Colleague: 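Pasting a structure below so you can have a look.
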Protein chains: 2
Amino acid sequence: MTASKDSVPRQRDRAGTAAALVENAKALLAEQGFQALGINAIARRAGCDKQLIYRYFGGLEGLLDALGEDIAADVTRRLAPLDALGKPQSYAELMERLALGLLQALRDDRLMQRVMAWEIAEPSPLLTRLTLARSKALGMWMMQTRGNLTPPPEVDAPACNAILVAAVQHIVLAGAAAGQFSGLALRADDDWERLRKALKRTIRALYGA
Amino acid sequence: MTASKDSVPRQRDRAGTAAALVENAKALLAEQGFQALGINAIARRAGCDKQLIYRYFGGLEGLLDALGEDIAADVTRRLAPLDALGKPQSYAELMERLALGLLQALRDDRLMQRVMAWEIAEPSPLLTRLTLARSKALGMWMMQTRGNLTPPPEVDAPACNAILVAAVQHIVLAGAAAGQFSGLALRADDDWERLRKALKRTIRALYGA
DNA sequence: CTACCATGTCACTGACCGGTGACAATGGGT
DNA sequence: ACCCATTGTCACCGGTCAGTGACATGGTAG
C-alpha cells in the first residue's frame with residue numbers, strides 16, 4: 001500500500017532530483033495532508049535519500065519555500081479560466097463569477113484545500129505568506145477584471161466580499177472533510193447547485209441585479 | 001517552560017483522576033491544538049501516568065469521546081446568552097443575532113476554534129460527530145427562538161444561512177491563525193466592527209429589513 | 001590516467017511516540 | 001490482622017522521526 005511515485009529514476013541530475021523532491025512533496029501534501037509532510041516521507045516517495053533535501057534545500061523549511069512558490073504559481077493559473085467569459089456587465093456579475101469560479105476551482109483542487117486547512121490548523125510564517133500571495137492574486141484578478149465597475153457606494157465591498165470568499169472556502173473545506181455542512185449535504189452535484197443559487201442570490205441582494 | 005497544570009494532586013480518586021485527564025486534555029487542545037493531543041502529553045500535563053488513560057478510557061480514543069461530550073455540553077451553554085435579548089421581531093433579526101452571537105462566541109473560545117480547525121484538517125468519525133452535535137445545537141436554538149418567524153418564501157434559507165455561518169466560522173479561524181483575511185486586518189476591535197456591519201447588511205439584504 | 005568534486009547512499013544517533021507488563025502503595029471488607 | 005482489589009508508578013519495547021557523518025559512485029577537468 002505505498003503511494004505511487006511521480007518521478008522516474010534519475011541519475012546524477014541535481015535539477016531533476018530537486019524538482020522531483022518538490023513534486024513529490026506537493027503530491028504527498030495533496031494526498032495525505034500536511035501532517036504527512038516530513039523529511040522521511042518526502043524522500044521515500046521521491047525515491048531518493050533524505051540527505052539530498054538537506055543538501056539541495058537546506059532542510060524541510062527550504063523545500064517548503066520552493067513548494068510555496070510552486071503553489072503560488074498554481075493560484076494565478078487557476079484564475080485564468082475565469083476570464084474566458086469576457087467582461088462582466090456589473091459589479092454583481094463580477095462577484096458572482098469570482099465566487100462561483102472560486103467555488104469550482106477549490107472543489108477541484110485537493111492540494112489547495114490541504115494548504116488552506118494547513119493555514120488554519122497550524123499557522124506559520126511560510127503559510128501566512130502563502131495566504132497573502134493567494135489573496136493578492138485574487139485582488140489582482142479583481143482589479144484587472146473589474147474595469148470601472150463599482151459596487152454601490154453604501155456597501156463596504158471589501159468586507160462583504162471577504163464574507164463571500166470565506167463562506168466559499170469554508171464550505172468547500174467542510175464539505176471535503178465531512179461531506180456536509182450546517183445540515184446541508186455536500187455530496188451530490190445538486191447539493192452544490194443549491195449552494196450556487198444561494199450564493200448568487202446573496203450577491204444580487206448585496207450588489208443589486 | 002512546562003504548561004501549567006489544571007489539577008491538584010489527587011490520591012486514589014478514580015473519578016477525580018479521570019476528570020483531571022479530560023480537563024487537561026481539553027486545556028492542551030485549547031492551548032496547543034490537536035497535534036499536541038497525545039497520550040504522553042495529556043498524562044504529563046495531568047500529572048499522572050499514561051497507563052491510567054488506558055485503564056480508565058481504554059485509550060486515547062475513549063478519552064476523546066469523553067472530551068467530545070464535554071465539548072458538546074459547552075456548545076449549548078455558549079448559546080444561552082443569545083436568549084437574553086428576548087424574542088426577535090423578524091427573521092432577519094433572528095439571523096442577525098445568530099450570526100453576530102456566533103461570531104463573538106467563537107472569537108472568545110479558543111477551544112472551539114481548535115476543534116473546528118481539527119475537523120477541517122483531519123476528519124474522523126469522532127470529529128464529525130462533534131460537528132453534527134454543534135450544528136444540531138444551533139438548529140435547536142433556531143427552532144426554539146424562531147417562534148413563527150419565517151424567511152421570505154423565495155429564498156433558500158438553509159443554504160443562505162449555511163453561507164452566513166460558514167463565513168463567520170472561516171473568518172474567525174483565519175483571523176486567529178493569521179490575523180487577517182482577504183485583505184482585511186482582523187486584529188483591532190474596529191476591524192471586527194466593520195465585519196459585523198457587513199454581516200448585518202448581508203442579512204438584511206437577504207431577508208429584508 | 002588521475003584527481004577532484006558533485007551526486008547519491010547508507011548507517012547511526014538521540015528523542016519522542018504509543019503501547020504493555022510488572023510492580024508498589026493504599027485502603028476497605030472480612 | 002490479613003487479604004486483595006483498586007489506584008498509581010515505573011521500566012521497557014518496537015517504531016518513527018529529524019538530523020548527521022562517513023562512504024560509494026560517476027563524470028569531468030587537468
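First the proteins, then the strands, lettered A, B, ... as listed; each starts at 1. Please read these numbers as outputs of a predicted model, since none were measured by experiment.
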Colleague: Using atom CD1 of Ile39(B) as one end and atom P of dC13(D) as the other, report the distance to the nearest whole Å.
Modeller: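 Rounding to the nearest Å, CD1 of Ile39(B) and P of dC13(D) are 20 Å apart.
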Colleague: CG of Asn40(A) versus P of dC16(C): gap in Å, rounded?
Modeller: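 Asn40(A) atom CG is separated from dC16(C) atom P by 17 Å.
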Colleague: Got a salt bridge between Arg134(B) and Glu119(B), using NZ or NE/NH1/NH2 to carboxylate O under 4.0 Å?
Modeller: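 Between Glu119(B) and Arg134(B) there is a salt bridge, with a charged N closer than 4.0 Å to a carboxylate O.
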Colleague: What is the distance, rounded to the nearest whole Å, between atom CD of Gln11(B) and atom P of dG28(C)?
Modeller: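 In whole Å, dG28(C) P and Gln11(B) CD are 11 Å from each other.
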Colleague: Check the pair Asn161(B), Tyr207(B) against side chain to side chain donor-acceptor pair (under 3.5 Å), reporting the backbone distance first and the verdict last.
Modeller: CA-CA 10 Å; Asn161(B) 292 343; Tyr207(B) 297 126; 2.5 Å; yes
Colleague: Rounded off to whole Å, could you give me the CG-to-P distance for the Leu60(B) and dT20(C) pair?
Modeller: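 After rounding, the reported distance stands at 13 Å.
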Colleague: Starting the side chain at C-beta, find the nucleotide from dG19(D), dG18(C), dG8(D) nearest to Tyr56(B).
Modeller: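 My answer, after comparing the listed nucleotides, is dG8(D).
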Colleague: Could you pick out which residue, Gly59(A) or Arg12(B), lies toward the 5' side of DNA chain D when each is mapped onto its nearest nucleotide?
Modeller: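 Mapping each residue to its closest nucleotide by heavy atoms, the 5'-most match is Arg12(B).
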Colleague: Looking at Arg45(A) and Glu31(A), does any basic side-chain N land under 4.0 Å from a carboxylate oxygen?
Modeller: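 Counted as a salt bridge, because a side-chain N and a carboxylate O are separated by less than 4.0 Å.
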Colleague: Whole angstroms only, please: what is the CZ-P distance between Arg44(A) and dC10(C)?
Modeller: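 That distance rounds to 14 Å.
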Colleague: Of all the choices, dG19(D), dG8(C), dT9(D), which nucleotide is nearest to the side chain of Asp49(B) once you look at every atom?
Modeller: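 The nucleotide sitting nearest to the side chain is dT9(D).
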Colleague: Just the rounded figure in Å: distance from C1' of dG8(C) to CD1 of Ile53(A).
Modeller: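 One finds 13 Å between C1' of dG8(C) and CD1 of Ile53(A), rounded.
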Colleague: Could you tell me whether Lys197(B) and Asp156(A) have a side-chain N and a carboxylate O separated by less than 4.0 Å?
Modeller: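 Judged by the 4.0 Å cut-off on N to carboxylate O distance, Lys197(B) and Asp156(A) do not form a salt bridge.
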Colleague: For the pair made of CD in Glu61(A) and P in dG19(D), what is the distance, rounded to whole Å?
Modeller: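 Taking atom P of dG19(D) as the reference, CD of Glu61(A) is at 10 Å.
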Colleague: To the nearest Å, give me how far apart OH (Tyr54(B)) and C1' (dT20(C)) are.
Modeller: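 For the pair Tyr54(B) OH and dT20(C) C1', the rounded distance is 9 Å.
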Colleague: When you match Arg55(A) and Lys50(A) each to their closest nucleotide on DNA chain C, which lands nearer the 5' end?
Modeller: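 On the 5' side of the pair lies Arg55(A).
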Colleague: Report the nucleotide, chosen from dA18(D), dT20(C), dT9(D), that has the shortest atom-to-atom distance to any side-chain atom of Leu52(B).
Modeller: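 Nearest to the side chain of Leu52(B) among the choices is dT9(D).
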Colleague: Does a side-chain N or O from Thr17(B) land closer than 4.0 Å to OP1 or OP2 of dG8(D), or not?
Modeller: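 Checking dG8(D) against Thr17(B), a side-chain N or O does come within under 4.0 Å of OP1 or OP2.
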Colleague: What's the closest nucleotide to the Arg14(B) side chain, out of dT7(D), dT20(D), dT7(C)?
Modeller: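 Among dT7(D), dT20(D), dT7(C), the one nearest the side chain of Arg14(B) is dT7(D).
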Colleague: Quick one, Leu106(B) and Met116(B) - any side-chain contact, counting heavy atoms below 4.5 Å?
Modeller: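 When only atoms from C-beta onward are counted, Met116(B) and Leu106(B) do touch, with a gap below 4.5 Å.
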